[in-house]
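The structure under discussion appears below in the form of structure tokens.
These figures come from a predicted structure and were not determined experimentally. Residue numbers start from 1 in every chain, and the chains themselves are labelled A, B, ... in the order their sequence lines are given, proteins ahead of strands.
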Protein chains: 2
Amino acid sequence: MEKQPHRNTKQRTALLELLRSTKSHPTAAWLHERLAGEIPGLSLATVYRNLSVLAMQGNLQIIRSRGDAEHFDAIASSHGHIVCEACDRVRDLDLPDGENWDREAAKASGYEVSSHQLIFFGICPACRKGSR
Amino acid sequence: MEKQPHRNTKQRTALLELLRSTKSHPTAAWLHERLAGEIPGLSLATVYRNLSVLAMQGNLQIIRSRGDAEHFDAIASSHGHIVCEACDRVRDLDLPDGENWDREAAKASGYEVSSHQLIFFGICPACRKGSR
DNA sequence: TTAGGTGCAAAACCTTTGCCATCCC
DNA sequence: GGGATGGCAAAGGTTTTGCACCTAA
């Protein structure tokens, strides 16, 4: 699964560390902004390029929800996400099972299945109260 | 769930019909191209606007997979999708259950859950053979 | 030394919007 | 008639790319 040779630049290392240290499923822009203090001159393009590499290495998952930008999640284990359609925030959500799905899907489809993604859409408690 | 007043213009009607008649989970561009013969002068903006309206009405589901563009699926029943990471095509995939998930997710999260989306990623048989 | 990585700026892309003419109800 | 729609073109935002200069290994 890991094919590319790769170097551990401070940019890539910092990116993965930051991603692993947060539970907020950030966007590329957020990561860039957050890292800019630590690594002056950091380019947004670098953030994207590294996110792409990390995704290929299986180190993170890309979440395309509603809203404009992609969200990124350092993978620990297979889990689902729930997105608030009002504030666009992403939260983790564990539902039982999900481990054998890839195998089942492969059997049912004839595909070589590598991963899956389960996303729920709704309104979070905070937004429901604020009725925003 | 349905809130907006709406008119049945030929553009919107044709769009929904086309979407319902195909199993290919098209992109907006594909729909536009396909409809251009039937409705000369049809604007891509109109396609997008109508897809948005139809989605709000619950007539279709938006699939954000890999690849750049969104794919659209006329909803019949709740089902999952499987995306080929090589050719980017989307196929339907029925996995058991899935009916109570929204309720379970709501209970587990405190959100007001309206829908969910399950997407598998892999390589389809055709692309595996072609090794493309 | 050298292939991969980075910054910067420009490009590419998809999607949305403003505006005004048009059409449905 | 009046408000929802459509067409067109321009804007908006995110992500990607080209290129020259670095830098980890």
Given Gln117(A) and Leu118(B), is the side chain to side chain contact (heavy atoms under 4.5 Å, CB included) satisfied, shown in steps? CA-CA 6 Å; Gln117(A) 200 167 275; Leu118(B) 176 59; over 6 Å; no

Pair Asp73(A)-Leu19(A), side chain to side chain contact (heavy atoms under 4.5 Å, CB included): steps then yes or no: CA-CA 7 Å; Asp73(A) 182 17; Leu19(A) 209 42; over 6 Å; no

Walk me through whether Ser115(B) and Phe120(A) qualify under side chain to side chain contact (heavy atoms under 4.5 Å, CB included). CA-CA 6 Å; Ser115(B) 66; Phe120(A) 290 86; over 6 Å; no

Could you please spell out the steps behind the side chain to side chain contact (heavy atoms under 4.5 Å, CB included) verdict for Ile119(B) and Val83(B)? CA-CA 7 Å; Ile119(B) 307 183; Val83(B) 181; 3.6 Å; yes

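Between Asn50(A) atom CG and dG7(C) atom P the separation is 9 Å, expressed in whole Å. Atom P of nucleotide dT14(D) and atom CG of Leu44(A) are separated by 9 Å, given to the nearest angstrom. dG4(C) atom C1' lies 12 Å from atom CE of Met56(A), rounded to whole Å. Atom pair Arg12(A):CZ and dT6(C):P shows a separation of 6 Å (rounding to whole Å applied). As a whole-Å value, the separation of Leu51(B) CG from dC14(C) P is 15 Å. One can place CD1 of Ile39(B) at 7 Å from P of dG7(D), the figure rounded to the nearest angstrom. Going from atom CG of Leu16(A) over to atom P of dG5(C) covers 14 Å, rounded to whole Å. Spacing between atom CG of Asp68(A) and atom C1' of dT15(C) amounts to 8 Å, rounded to whole angstrom units.
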Write out a two-atom table: protein N or O, nucleotide N or O from nucleotides 20-22 of chain D, distance below 3.5 Å.
none

I'd like a table of atom pairs between the protein and nucleotides 8-11 of chain D - only N or O on both sides, under 3.5 Å - with the distance next to each one.
{"unit_1": "dC8(D)", "atom_1": "OP2", "unit_2": "Gly41(B)", "atom_2": "O", "d": "3.1"}

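Using modelled atom types, one side-chain atom of Ser21(B) and one backbone atom of Leu18(B) make a donor-acceptor pair closer than 3.5 Å. Side-chain atoms of Asn50(B) come within 3.5 Å of backbone N or O of Thr46(B) as a donor-acceptor pair. Judged by distance alone, the side chain of Thr27(A) and the main-chain N or O of Glu70(A) form no donor-acceptor pair under 3.5 Å.
Sorted by first and then second residue, the ring pair (Phe, Tyr, Trp, His ring centres under 6.0 Å) pairs with a member in residues 11-49 of chain B read His25(B)-His81(B); sequence neighbours excluded. Identified under the salt bridge (Lys or Arg N to Asp or Glu O under 4.0 Å) test for residues 110-122 of chain B, with sequence neighbours left out: Arg128(A)-Glu112(B).
One finds no side-chain N or O of Gln11(B) lying less than 4.0 angstrom from the OP1 or OP2 phosphate oxygen of dC23(C). In terms of phosphate contacts, Thr9(A) brings no side-chain nitrogen or oxygen within less than 4.0 Å of OP1 or OP2 of dG4(C).
Inspection of the His79(A) and Asp94(A) side chains reveals no N or O donor paired with an N or O acceptor under 3.5 Å.
Residues from residues 24-38 of chain A with heavy atoms under 4.0 angstrom of DNA chain C: there are none.
When the nearest nucleotides of DNA chain C are assigned to Asn8(B) and Ser52(B) by heavy-atom distance, the more 5′-ward of the two goes with Ser52(B).
Crowding of Arg34(B) atom CZ: a count of heavy atoms from other residues, nucleotides or ligands under 6.0 Å not exceeding 12.
Axis angle, first five pairs versus last five pairs of the helix from dT1(C)-dA25(D) to dC25(C)-dG1(D): 50°, rounded to 10°.
Hydrophobic clustering, with ILVMFWY side chains joined whenever heavy atoms are under 4.5 angstrom apart, groups Ile62(A) together with Leu16(A). Phe121(A) and Val113(B) fall into different hydrophobic clusters, where Ile, Leu, Val, Met, Phe, Trp and Tyr are joined by side-chain heavy atoms under 4.5 Å apart, directly or via other members.
The only member of Cys124(B), Pro125(B), Ser65(B) that meets side chain to side chain contact (heavy atoms under 4.5 Å, CB included) when paired with Cys84(B) is Cys124(B).
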